[in-house]
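Report on the following structure.
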Amino acid sequence: MKSRSVLTLVAAVVLVLAFSVAASADQFRMRAGESNPAAMGVIHVNTDRNGNLAIELESKHLAPPDRLSPPHSVYVVWAQTAGRQPEVLGQLRVNPQDMAASFKTSVPYHNFDIFVTAEDSARPDSPSGTEVLRGSVQK
C-alpha cells in the first residue's frame, strides 16, 4: 500500500512539473530604436485556452514620449503579420518616475512583429512616428 501511494505522489509531481514547463511563457527580446537607444523591452507570450497568444510587453529605460526629439504625445503598440498592414493594439504608458512601462493584450497571431512608435494621436491609421522598440514573436 505504501509503494502505491509513493508511486501516485511521484506521478503527480511529474505531471505538475511537465505542465509547468509547458505552460511557462516564452520570451522575445525587443530592439531599441535610434531615438531612445537605452530602452529595453521584452515580450512574454503564453497561449490561452482559446489558442490566442496572451502578450505582456515590459520595457525599461523608456523616456516619456514628450521627452523625445521631436516630442510626441503617446506610445502606440502595433502588431504586423506578414503581408498585412500594422494594426494598433493599444497604448504603452510610461511611469515617469522609473521610466518603465507594461502592456497586456491577446492576439490571434502566432508569427508577427510587435513594435512601439511615438505618435501624436492615440489611434493613428498607420505608424507615422518614431519607432522606439521592435521585436518578433514566433510561437
Side-chain angles (χ1 to χ4, degrees):
M1 193 66 146
K2 187 174 183 179
S3 64
R4 179 181 256 178
S5 61
V6 169
L7 284 175
T8 303
L9 178 62
V10 168
V13 168
V14 168
L15 283 173
V16 167
L17 288 174
F19 178 74
S20 61
V21 167
S24 66
D26 289 326
Q27 290 187 18
F28 301 91
R29 295 219 178 272
M30 300 184 83
R31 297 177 308 280
E34 293 177 11
S35 66
N36 197 356
M40 297 170 48
V42 65
I43 307 159
H44 304 277
V45 179
N46 276 315
T47 304
D48 69 16
R49 66 177 181 254
N50 297 320
N52 295 320
L53 291 187
I55 297 169
E56 181 176 6
L57 186 159
E58 293 181 317
S59 67
K60 296 179 184 176
H61 312 294
L62 187 61
D66 60 352
R67 292 188 194 163
L68 297 178
S69 180
H72 294 279
S73 302
V74 64
Y75 285 125
V76 177
V77 181
W78 303 84
Q80 183 174 22
T81 59
R84 298 195 59 195
Q85 292 296 316
E87 72 177 77
V88 173
L89 296 179
Q91 290 182 332
L92 181 66
R93 298 188 202 300
V94 178
N95 179 338
Q97 278 83 26
D98 63 4
M99 298 192 353
S102 66
F103 173 80
K104 293 181 182 182
T105 193
S106 292
V107 296
Y109 318 120
H110 290 264
N111 298 307
F112 61 98
D113 287 342
I114 187 167
F115 57 100
V116 178
T117 59
E119 302 286 347
D120 294 321
S121 165
R123 301 281 308 165
D125 293 328
S126 63
S128 59
T130 305
E131 189 172 295
V132 294
L133 289 168
R134 176 176 284 272
S136 291
V137 173
Q138 307 291 316
K139 178 119 168 114

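One-based numbering along the sequence shown.
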Query raised in the report: What is the minimum heavy-atom distance between H61 and A38, and which atoms define it?
Result: CB-O, 3.3 Å
Query raised in the report: Measuring from E131:CD to E34:CD, what's the distance to the nearest 0.5 Å?
Result: 10.0 Å
Query raised in the report: Has Q138 got more than 12 heavy atoms of other residues, nucleotides or ligands less than 6.0 Å from its CD?
Result: yes
Requested in this report: State, to 0.1 Å, how close K139 and N111 come at their nearest heavy-atom pair, and which atoms those are.
Outcome: N-OD1, 3.5 Å
Query raised in the report: F28 versus I55: any side-chain heavy-atom pair under 4.5 Å?
Result: no
Query - Contact summary for V94 and A63, nearest pair of heavy atoms - result: CG2-O, 4.5 Å
Report task. Using a 4.5 Å cut-off on heavy atoms from C-beta on, say whether the side chain of T105 contacts that of V77. Result -> no
Query - ILVMFWY network linking V74 to V88, side-chain heavy atoms under 4.5 angstrom - result: yes
Requested in this report: Please check if W78 and Y109 belong to a single hydrophobic cluster, counting links between Ile, Leu, Val, Met, Phe, Trp and Tyr side chain heavy atoms closer than 4.5 Å.
Outcome: no
Query raised in the report: With sequence neighbours left out, what residues match Q80 under side chain to side chain contact (heavy atoms under 4.5 Å, CB included)?
Result: P86, F115
Query - Flag side-chain contact, heavy atom, 4.5 Å: I114 against M30 - result: yes
Query raised in the report: Would you say the side chain of V76 lies within less than 4.5 Å of the side chain of P127, judging by non-hydrogen atoms?
Result: no
Query raised in the report: So do the side chains of T130 and T117 get within less than 4.5 Å of each other, counting heavy atoms only?
Result: no
Query raised in the report: Would you say N50's side chain and N52's backbone share a donor-acceptor pair under 3.5 angstrom?
Result: no
**Report entry** Same cluster (ILVMFWY, side-chain, under 4.5 Å), V45 and V107
**Finding:** yes
Query raised in the report: With S121, which residues qualify under side chain to side chain contact (heavy atoms under 4.5 Å, CB included), at least two apart?
Result: P124
Query raised in the report: Does some side-chain heavy atom of E87 sit less than 4.5 Å from a side-chain heavy atom of F112?
Result: no
Query raised in the report: Could you walk me through whether N46 and L53 pass the side chain to side chain contact (heavy atoms under 4.5 Å, CB included) check?
Result: CA-CA 6 Å; N46 276 315; L53 291 187; over 6 Å; no
**Report entry** Donor-acceptor contact below 3.5 Å, side chain H110 vs main chain G51
**Finding:** yes
Query raised in the report: What are the two closest heavy atoms between S59 and L133, and how far apart are they?
Result: CB-CD1, 3.9 Å
Query raised in the report: Under a single-linkage definition using a 4.5 Å side-chain heavy-atom cutoff for Ile, Leu, Val, Met, Phe, Trp and Tyr, are M99 and V132 assigned to the same hydrophobic cluster?
Result: no
Query raised in the report: So which heavy atom on A32 is nearest to which on A39, and how close?
Result: CB-O, 3.3 Å
Query raised in the report: In terms of hydrophobic clustering (I, L, V, M, F, W, Y; side-chain heavy atoms under 4.5 Å; direct or indirect links), are V42 and L57 co-clustered?
Result: no
Report summary line: All heavy atoms of D120 vs all of P71, minimum pair found to be OD1-O, 4.0 Å
Query - Heavy-atom check, side chain of L92 versus side chain of L62, under 4.5 Å - result: yes
**Report entry** Donor-acceptor contact present, side-chain E119 to main-chain S128, <3.5 Å
**Finding:** yes
